[in-house]
Structure formats: C-alpha cells, structure tokens
Colleague: 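One structure coming up, written as structure tokens, with questions to follow.
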Amino acid sequence: MPELPEVETVRQGLLPAMENRRISHAEVRRPDLRWPFPPRMAERLTGARVTALGRRSKYILASLDTGQTLLIHLGMSGRMTISGDAPGSFHRDHPLRDKHDHVVLTMDSGARITFNDARRFGAMDLIATPAVETHPLLAKLGPEPLGNTFHAGVLARAFSGKRAPVKSALLDQRIVAGLGNIYVCEALWRAGISPMRQAGRIGQARLETLTQTIRDVLAEAIEAGGSSLRDYRQADGELGYFQHRFAAYDREGQPCRTQDCDGVIERIVQSGRSTFHCRRCQR
DNA sequence: ACCAGCTCCTGCTTGC
DNA sequence: TGCAAGCAGGAGCTGG
C-alpha cells in the first residue's frame, strides 16, 4: 500500500484536477471505510472549493474554502483516480463503476475523482482547518523525512536506549513519518544496516548515512511515480515504476546488488511483517 | 514505557 | 476452471 512516495505521487496527480476547483457533487456510497465517515460528509463537501492540496506523512489534506480540511488516507489498497472529461483522465472510455468505488467527487471542471478501496483500510475525515495538527491521526507524527526537520540528531534522540530492531523503529510513525515496509527495507539495505540491529546500538556516523538513504530512496521513488505491486495506481491510472529498482524488497533468493557482495537477499519476519535483507553486507 | 502480536477487509497466489 | 491456506503496501489496540 501506499507509503509516502505513492501518496505524494497521487497528490501531485490530483493537483491540476482539484486545486482551485469547486466540488459540484459528492457521492458517498457507503457509511464507512475503516471508520465511519464524518456526519453529512457529502453535503459538507458539495459546493466547497479546494484551496490547497497538501500532504502530511501518508495523508492527503485538501483545504476547503468552508474552513474545513478533508483528510484522506489510502490505507493498504486505496486509489484516487481521475476520470471524466478532464486532462489526465483515467479510463475515460470505461466510466463503469467498480463495487469498491466508495466516494466520487465531481469537480466543476467535469473531472470525477474516485476513491476506490477494496480492503477498506482507508479513511476520510473532515476537520476544522485550525485543528488539523491536533487531529488524532496527525498529532503524534514524527518529522517529514524529506523536510528540514529530519536529520541524524532526530534519529539519535528517538533511538536512544531503544532495544527494538531498527526495522520496527523506522516503521514507528512517531519517529519519522511516512515510511512503510518497502522503503524501510530499501533504506536499510542502502545504508548497510541490519534490520535486526537494535535501534539504540547504531553509531552517529551510520545514522547520518541512514538519514541520507531514507531521503534518497523516497525522492527516487517519487521521481519514478511510486511502486506498483498490487493495487497502487497513480491518479491518472498509470503504474509506478520504482518496483523495478528494488534492491531488497520482494527479492528473496536473488543476488545482493551491493558491489562485490556475493550474498543473497533473505526474507525474515519481524513483528509479523516480511523483512528483506542481505545478511552479508547489512550489519 | 516498551514491544510483539492481533485485528480490520478483500483479493490474489500457491498448493493440493 | 475446485477449494483452502497464506499473504499483502497500514496502523490502532491489547496484553505481557
């Protein structure tokens, strides 16, 4: 499911169709996803103009001229795609509805934005804009990994004394926001750090390296339009391409790509999640 | 406080 | 074109 690069790619794809556009019609086709939708969501969205389309961690935030902000989370299988009579449309010739099309926003341009989520782990909420930062889903998030407030000192402080494996620590959204299973595996491989290593036992120099590999892998993935494994699509329906550049994730049994390393990528399970790593060059 | 495991849901892949 | 088990990118909750 969508991690930070996928959500950012979707946001960028939605931007021309949504920003400074008015929602002329909102259709909400079921009462809930992971949680119930906020009361009267369709009515509250209808007529609102989207003044900005932002992102925090894996959440898309649409600021509305009604003083509210629409929070969108794609969960594991959520898609936001554009269709209808608009540039960048997805399936312009196949406007048929899917049974997992849960919310459809029709913009004043004629573009339709469809939220499709087979597994329904996604979520939407409407928040008074001044209260966005204190929303329960956002309040405890750590720094944005591509922002200025993320640096090795942040990791050093957060990891200090931590006995949990660094893999688990990086998945903790309170430490750094937006990483998921794929990009944690990739960043640790690039940094040459074992996913099993206790977070509190990584030296300063290696934390500097890790900070940089996290930034690099996320930026490259955004550049490639994200990673499409199963459900993920960009807003225009295109696949992402970063999966072709995975060095660790989903490469069990394949040769490690580190220069001069003759190791093999192994799959282990940590906290119930697959981890892919090379035990020879990740220490 | 910390951490591992379970859970929500559907659908795809794998093994019989 | 059968069936059941296992697995999947998130993240809140429970209980040790």
Side-chain angles (χ1 to χ4, degrees), chain A residues 1-11 29-37 55-60 71-80 98-102 115-125 135-142 145 157-188 195-201 214 217-218 221-222 224-234 239-246 248-253 267-276:
Chain A
M1 148 13 149
E3 305 180 27
L4 187 154
E6 289 73 35
V7 176
E8 176 60 19
T9 302
V10 169
R11 183 191 74 83
R29 304 184 63 215
R30 56 172 299 124
D32 55 24
L33 289 172
R34 176 165 188 176
W35 297 291
F37 289 127
R55 179 189 58 74
R56 174 75 170 105
S57 186
K58 302 170 190 172
Y59 300 90
I60 291 173
L71 173 149
I72 303 165
H73 186 56
L74 301 177
M76 295 271 269
S77 57
R79 295 181 184 181
M80 292 276 287
D98 181 272
K99 63 175 171 174
H100 300 302
D101 287 352
H102 304 309
F115 186 112
N116 177 290
D117 184 9
R119 290 175 70 182
R120 303 210 302 271
F121 285 0
M124 284 196 191
D125 202 2
H135 188 278
L137 291 169
L138 306 180
K140 293 180 179 171
L141 290 174
R157 215 168 307 126
F159 286 2
S160 174
K162 242 191 192 308
R163 305 179 68 165
V166 61
K167 162 82 185 310
S168 311
L170 289 175
L171 286 174
D172 184 341
Q173 303 296 299
R174 296 169 300 183
I175 293 177
V176 55
L179 296 177
N181 211 27
I182 292 176
Y183 298 107
V184 166
C185 289
E186 293 299 308
L188 286 171
M196 285 115 68
R197 174 166 294 276
Q198 291 182 6
R201 296 184 153 226
I214 289 170
V217 74
L218 294 177
I222 292 170
S227 302
S228 286
L229 295 182
R230 295 167 185 82
D231 305 299
Y232 168 70
R233 296 294 183 108
Q234 302 186 39
L239 300 171
Y241 291 96
F242 193 73
Q243 66 276 13
H244 302 301
R245 288 160 61 182
F246 288 166
Y249 188 82
D250 213 17
R251 293 193 66 245
E252 182 178 16
R267 187 182 84 97
I268 59 173
V269 175
Q270 292 179 287
S271 312
R273 314 282 305 275
S274 289
T275 299
F276 298 87

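Since we're looking at a predicted model, the values are computed, not measured. Chain identifiers are assigned alphabetically (A, B, ...) following the order of the sequence lines, protein sequences preceding nucleic acid strands; residue numbering begins at 1 within each chain.
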Colleague: Please state whether the phosphate of C:dA8, meaning OP1 or OP2, lies under 4.0 angstrom from any side-chain nitrogen or oxygen of A:Tyr249.
Modeller: no
Colleague: Which part of the nucleic acid, if any, lies within contact of A:Phe242, taking any heavy atom under 4.0 Å across all strands shown: a base, the sugar-phosphate backbone alone, or nothing?
Modeller: nothing
Colleague: From the list B:dT10, C:dA8, B:dC3, which nucleotide is the closest neighbour of the side chain of A:Arg163?
Modeller: B:dC3
Colleague: Side chain of A:Arg119: nearest nucleotide among C:dA8, B:dC3, C:dG12?
Modeller: C:dA8
Colleague: Spell out, as yes or no, whether a donor-acceptor pair under 3.5 Å connects the side chain of A:Gln173 to the backbone of A:Leu171.
Modeller: yes
Colleague: Which nucleotide wins on minimum distance to the side chain of A:Phe121, given the candidates B:dT10, C:dG10, C:dA8?
Modeller: C:dG10
Colleague: Within the structure, does a side-chain N or O atom of A:Lys162 lie under 4.0 Å from either OP1 or OP2 of B:dC2?
Modeller: no
Colleague: State, with a plain yes or no, whether a side-chain heavy atom of A:Arg30 is found less than 4.5 Å away from one of A:Arg120.
Modeller: yes
Colleague: Within the structure shown, what part of the strands sits under 4.0 Å from A:Pro5 by heavy-atom distance: base, sugar-phosphate, or nothing?
Modeller: nothing
Colleague: Given C:dA8, B:dG11, C:dA11, identify the nucleotide with an atom nearest to the side chain of A:Lys99.
Modeller: B:dG11
Colleague: Is A:Arg230 near enough to B:dG11 that one of its side-chain N or O atoms lies under 4.0 angstrom from OP1 or OP2?
Modeller: no
Colleague: Would a 4.5 Å heavy-atom cut-off, applied to side chains only, mark A:Leu74 and A:Glu6 as touching?
Modeller: no
Colleague: Rounded to whole Å, please give me the gap between CD1 in A:Ile72 and C1' in C:dA11.
Modeller: 18 Å
Colleague: Tell me which of A:Pro136 and A:Leu229 sits closer to the 5' end of DNA chain C, going by the nucleotide each one is nearest to.
Modeller: A:Leu229
Colleague: Of all the choices, B:dC3, C:dG12, C:dA11, which nucleotide is nearest to the side chain of A:His73 once you look at every atom?
Modeller: C:dA11
Colleague: Looking across every strand, which nucleic acid part, if any, lies under 4.0 Å from A:Asp117 by heavy atom: base, sugar-phosphate, or nothing?
Modeller: nothing
Colleague: Would you indicate which nucleotide in B:dT10, C:dA8, C:dG10 comes nearest to any side-chain atom of A:Ala118?
Modeller: B:dT10
Colleague: From the list B:dA4, C:dG12, C:dG10, which nucleotide is the closest neighbour of the side chain of A:Leu137?
Modeller: C:dG12
Colleague: Heavy-atom distance under 4.5 Å between the side chains of A:Lys167 and A:Asn181, does that happen here?
Modeller: yes
Colleague: When all nucleic acid strands are considered with a 4.0 Å heavy-atom cut-off, which category describes A:Gln270: base, sugar-phosphate, or nothing?
Modeller: nothing
Colleague: Any side-chain N or O of A:Ser271 less than 4.0 Å from the OP1 or OP2 oxygen of B:dC3?
Modeller: no
Colleague: Within this structure, what is the CG-to-C1' distance between A:Leu33 and B:dC9, rounded to whole angstrom?
Modeller: 11 Å
Colleague: With a 3.5 angstrom cut-off on both distances, give the Watson-Crick or G-U wobble partner of B:dC9, or none if there isn't one.
Modeller: none
Colleague: Just how far, in rounded Å, is C1' of C:dG12 from CZ of A:Arg174?
Modeller: 11 Å
Colleague: Kindly point out which of C:dC7, B:dG11, B:dC3 is positioned nearest to the side chain of A:Ala164?
Modeller: B:dC3
Colleague: Quick one: A:Arg56 CZ to C:dA11 P, roughly how many Å, whole number?
Modeller: 12 Å
Colleague: If only side-chain N and O atoms of A:Arg267 are considered, is one of them under 4.0 Å from the OP1 or OP2 phosphate oxygen of C:dA8?
Modeller: yes
Colleague: In this structure, how many angstroms lie between the C1' atom of C:dA8 and the CD atom of A:Glu6, rounded?
Modeller: 14 Å
Colleague: Between C:dA8, B:dG11, C:dG10, which nucleotide gets closest to the side-chain atoms of A:His100?
Modeller: B:dG11
Colleague: Looking only at atom P, what distance separates C:dC3 and B:dC9, rounded to whole Å?
Modeller: 24 Å
Colleague: Just call it for A:Arg120: base, sugar-phosphate, or nothing, with non-hydrogen atoms closer than 4.0 Å on any strand.
Modeller: sugar-phosphate
Colleague: Classify the ring geometry between A:Phe242 and A:Tyr183 as parallel (under 30°), tilted (30 to 60°) or perpendicular (over 60°).
Modeller: tilted
Colleague: Could you give the CE-to-C1' distance, from A:Met76 to B:dC8, as a whole number of Å?
Modeller: 10 Å
Colleague: Between A:Glu8 and A:Leu218, is there a side-chain heavy-atom distance shorter than 4.5 Å?
Modeller: no
Colleague: If you check the A:Arg273 side chain, which of C:dG10, B:dA4, C:dG12 turns out closest?
Modeller: C:dG10
Colleague: Just how far, in rounded Å, is C1' of C:dC13 from CH2 of A:Trp35?
Modeller: 11 Å
Colleague: Within this structure, what is the CD-to-C1' distance between A:Gln198 and B:dA4, rounded to whole angstrom?
Modeller: 15 Å
Colleague: How about A:Leu138 and A:Leu71: do any of their side-chain heavy atoms sit closer than 4.5 Å?
Modeller: yes
